[in-house]
Amino acid sequence: MAGAPAESGPGAAAGEQLPQQHVACQVFPERLAQGNPKQGFLSSFFTNNQKCQLMLLKTLETNPYVKLLLDAMKHSGCAVNKERHFSCEDCDGNVSGGFDASTSQIVLCQNNIGNQAHMNRVVTHELIHAFDHCRAHVHWFTDVRHLACSEVRAANLSGDCSLVNEIFRLHFGLKQHHQTCVRDRAILSILAVRNISKEVARKAVDDVFESCFNDHEPFGRIPHNKTYARYAHRDFQNRDRYYSNI
């Protein structure tokens, strides 16, 4: 499972070596090793779940990053359905969300996502993983470099490393700061869902960084803010219309 770290830092570090599927289920306790999480009839009435569902709906309807990714998924033959492909759940540790490749479902950590801006970033981040899963044979659990590549792309393209977010984290003023942020956020995301050392995670990111940082699909550019994302969405729609008329 690919995950997005919470704003405060990496997920819970693991001590003893555990199977990667087991580690993922520890982070997402409502997610069973097989099948979908169990949800009661009254779950939607709990405050966290209701808030999560409302913020998700607003994100899907209004966020330009997400709207582009939804169009790109549909264009690639992987149309996204809100009820089928998103699940608001309580999570352990500091993770904000994750992509469960076994069910092609995005987990949103309703107890860790605190506001609409945070929801926007998490959904965008996880949809980039879903897009990668749709277009390529990603070995999420058997090749950490595959996970590292998707995490680099998610950090680079989701707006997570925008200037505003980095100022909020008190990280700014460094040379090539965007690249540094992308590396750091990718490493944190790997550590949130994999029981490996920081050195192993860093090496995996370093191994794939150049090629994956320069892979901007489906945006065609790095969308540093919502205005760039709107331009990218317009260009994607125009490109789609062009190829449909050939």
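Worth saying up front: this structure is predicted, and the values here are computed from it rather than measured.
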- Walk me through it: do Asp215 and Arg135 pass the test salt bridge (charged side-chain N to carboxylate O under 4.0 Å, His left out)? CA-CA 13 Å; Asp215 180 1; Arg135 70 169 181 160; 2.5 Å; yes

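- Other residues, nucleotides and ligands contribute more than 12 heavy atoms inside 6.0 Å of the CZ atom of Phe209.
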- With side chain to side chain contact (heavy atoms under 4.5 Å, CB included) as the test, would you mind laying out the steps for Tyr65 and Phe219 before giving the verdict? CA-CA 9 Å; Tyr65 292 85; Phe219 293 90; 3.9 Å; yes

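- Side-chain atoms of His118 and Ser96 form a donor-acceptor pair, as typed in the model, at a separation below 3.5 Å.
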- Message: Run Gln116 and Asn120 through side chain to side chain donor-acceptor pair (under 3.5 Å) and show every step you take.
- Response: CA-CA 6 Å; Gln116 188 66 51; Asn120 292 344; 3.2 Å; yes

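- Contact between Arg153 and Phe131 at its shortest, heavy atoms only, is NH2-CD2, 3.6 Å.
- A 4.5 Å side-chain heavy-atom check between Glu151 and Val205 finds every atom pair outside the cut-off.
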- In sequence, state the C-alpha distance, the side-chain angles, and the governing distance for Gln237 and Leu68, and then conclude on side chain to side chain contact (heavy atoms under 4.5 Å, CB included). CA-CA 8 Å; Gln237 290 175 316; Leu68 188 156; over 6 Å; no

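- A heavy-atom distance below 4.5 Å is found between the side chains of Lys226 and Arg230.
- Taking OG of Ser87 as the reference point, atom CD of Gln110 lies at 8.0 Å (rounded to 0.5 Å).
- Checked by atom type and distance alone, the side chain of Asn156 never pairs as donor or acceptor with a backbone atom of Val152 at under 3.5 Å.
- For the residue pair Gln105 / Asp100, no side-chain donor-acceptor distance below 3.5 Å is found, with atom types taken as modelled.
- The nearest pair of heavy atoms linking Ala155 to Arg185 is CB-CB, 4.0 Å.
- When each of His178, Gln179, His177 is paired with Cys161, the side chain to side chain contact (heavy atoms under 4.5 Å, CB included) condition holds for His178 and for no other.
- Atom CG of Asp143 sits about 4.5 Å away from atom CZ of Arg145, to the nearest 0.5 Å.
- The same ILVMFWY cluster, assembled from side-chain heavy atoms under 4.5 Å apart, contains both Phe99 and Val80.
- Between Lys203 and Asp207 there is a salt bridge, since at least one side-chain N of the basic residue sits less than 4.0 Å from a carboxylate O of the acidic one.
- In this structure, Glu89 CD and Ile106 CD1 are separated by 12.0 Å, a value rounded to the nearest 0.5 Å.
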- Message: Applying side chain to side chain contact (heavy atoms under 4.5 Å, CB included) to Leu127 and Val66, what does each step give before you reach the verdict?
- Response: CA-CA 8 Å; Leu127 277 175; Val66 170; 3.7 Å; yes

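- In the hydrophobic clustering of ILVMFWY residues, with side-chain heavy atoms under 4.5 Å counting as a link, Leu188 and Val208 come out apart.
- Here the two rings, on His146 and His137, have centers that are 6.0 Å apart or farther.
- When all heavy atoms of Tyr228 and Pro223 are compared, the pair lying nearest together is CB-CA, 3.7 Å.
- Listed here is the closest heavy atom pair of Met119 and Cys52: CE-O, 3.6 Å.
- Side-chain contact between His75 and Phe236: present, with at least one pair of heavy atoms (C-beta onward) separated by less than 4.5 Å.
- Side chain of Lys198 to backbone of Ile187: no donor-acceptor contact under 3.5 angstrom is found.
- Between Phe86 and Leu108 the shortest heavy-atom distance is CD2-CD1, 4.2 Å.
- A donor-acceptor contact under 3.5 angstrom links the side chains of Gln53 and Lys82, judged on distance only.
- Linking Ile, Leu, Val, Met, Phe, Trp and Tyr whenever their side-chain heavy atoms come within less than 4.5 Å puts Ile128 and Ile222 in one cluster.
- Taking each heavy atom of His85 and Ser104 in turn, the nearest pair found is CD2-O, 3.0 Å.
- Between Asp160 and Ser158, the side chains place no donor N or O within less than 3.5 Å of an acceptor N or O (distance only, hydrogens not considered).
- Between Arg202 atom CZ and Ile190 atom CD1 the span is 11.0 Å, to the nearest 0.5 Å.
- Donor-acceptor pairing under 3.5 Å is lacking for the side chains of His129 and His133.
- Asn48 CG to Asn111 CG: the interatomic distance, rounded to the nearest 0.5 Å, is 6.5 Å.
- By the 6.0 Å contact criterion, CZ on Arg221 is enclosed, its count of non-hydrogen atoms from other residues, nucleotides or ligands being greater than 12.
- The CG atom of Asn115 sits 7.0 Å away from atom CE of Met55, with the distance rounded to the nearest 0.5 Å.
- One hydrophobic cluster, built from ILVMFWY side chains closer than 4.5 Å, cannot hold both Tyr231 and Leu70; they sit in different ones.
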